[in-house]
J.: 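Got a structure for you, written out below as C-alpha cells; questions coming shortly.
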Amino acid sequence: QVQLVESGGGLVQAGGSLRLSCATSGRTFSLYAMAWFRQAPGKERQFVSSISVSGGLTLYADSVKGRFTISRDNAKSTVYMQMNSLKPEDTAVYYCAARGGSYYYKGVDDYDSWGQGTQVTVSS
C-alpha cells in the first residue's frame, strides 16, 4: 500500500478557491490511479474525481464538473485538486485515495489506500 497525506483544506467564502494536495510515499506513485472523495456530516463518502497513472485521463462527479480540476505530478509523488467557484454544499472532509490499475472507478471499496482527510468549509 501507499501512504497518503492530504493538505490544503480550510475555510473559504462561497465563490472562492482552494487547492488540495495529497503527498504519497511508500510505493511507486506512478503505478497508482488516484482519486478524491468527500464526506459531509451524516452522509456517505462520495466520489469526486479520479486520474489515471499518466495523468492523461480524468473523471469527475457531475456536481463538480467544470469547477474542480484534478492533476498529478509523478516526479513529486503528489496529486492535486484545484477547487474553484466553491459552494456551501462542497463543505466536507476531503480524502485522497489510491488504487493499482485503472482510474475508472468511483466506489469507496475500489480503492486500497486512504489518507486521513482534510476539512473544507465553504461559508455562504
Side-chain angles (χ1 to χ4, degrees):
Q1 289 188 339
V2 60
Q3 287 75 49
L4 311 173
V5 179
E6 302 97 333
S7 61
L11 174 64
V12 64
Q13 289 188 331
S17 298
L18 282 174
R19 189 193 194 204
L20 304 182
S21 298
C22 174
T24 73
S25 62
R27 290 291 182 96
T28 305
F29 177 70
S30 59
L31 296 178
Y32 289 84
M34 301 297 297
W36 289 95
F37 286 73
R38 66 187 182 186
Q39 187 166 17
K43 295 188 177 181
E44 293 186 350
R45 194 170 298 188
Q46 62 176 196
F47 173 84
V48 176
S49 181
S50 61
I51 189 166
S52 63
V53 295
S54 68
L57 298 171
T58 57
L59 191 62
Y60 294 95
D62 288 343
S63 59
V64 306
K65 205 172 291 184
R67 299 188 297 123
F68 290 11
T69 302
I70 191 171
S71 62
R72 65 190 294 162
D73 185 336
N74 285 351
K76 296 182 178 180
S77 299
T78 302
V79 62
Y80 305 96
M81 175 68 77
Q82 178 67 42
M83 305 187 297
N84 298 329
S85 302
L86 282 161
K87 305 175 181 180
E89 50 264 42
D90 294 319
T91 295
V93 177
Y94 282 71
Y95 296 91
C96 178
R99 73 181 308 277
S102 175
Y103 76 106
Y104 208 77
Y105 287 87
K106 299 181 180 181
V108 170
D109 292 341
D110 294 322
Y111 288 80
D112 307 310
S113 301
W114 293 85
Q116 82 290 348
T118 185
Q119 177 70 48
V120 171
T121 303
V122 184
S123 63
S124 57

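Computed from heavy atoms alone, side chains included, the values below leave out hydrogens, waters and symmetry copies.
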J.: Please, which pairs that meet salt bridge (charged side-chain N to carboxylate O under 4.0 Å, His left out) have at least one residue in residues 90-105, sequence neighbours excluded?
T.: R38-D90, R67-D90
J.: Look at the side chain of S49 and the backbone N and O of W36, then say whether any donor-acceptor pair between them is shorter than 3.5 Å.
T.: no
J.: Would you please name every residue forming a side-chain hydrogen bond (donor to acceptor under 3.5 Å, both in side chains) with E89, sequence neighbours left out?
T.: none
J.: Do T78 and T24 come within less than 4.5 Å of each other through their side chains, counting heavy atoms only?
T.: no
J.: Which atoms form the tightest heavy-atom contact between L4 and C22, and what is the distance?
T.: CB-SG, 3.9 Å
J.: Would you say the side-chain atoms of N84 and S17 include a donor-acceptor pair closer than 3.5 Å?
T.: yes
J.: More than 12 non-hydrogen atoms from neighbouring residues, nucleotides or ligands closer than 6.0 Å to OH on Y60, yes or no?
T.: yes
J.: Can you see which heavy atom on S50 is nearest to which on Y111, and at what distance?
T.: CB-OH, 3.7 Å
J.: Does a side-chain heavy-atom distance below 4.5 Å link W114 with R45?
T.: yes
J.: With a 3.5 Å distance limit and no angle check, can you tell me whether T118 reaches the backbone of G9 through a side-chain donor-acceptor pair?
T.: yes
J.: Show, in sequence, the C-alpha distance, side-chain angles and deciding distance for V122 and V120, and conclude whether the side-chain contact (heavy atoms from CB on, under 4.5 Å) test is met.
T.: CA-CA 7 Å; V122 184; V120 171; 4.2 Å; yes
J.: E6 versus Y95: any side-chain heavy-atom pair under 4.5 Å?
T.: yes
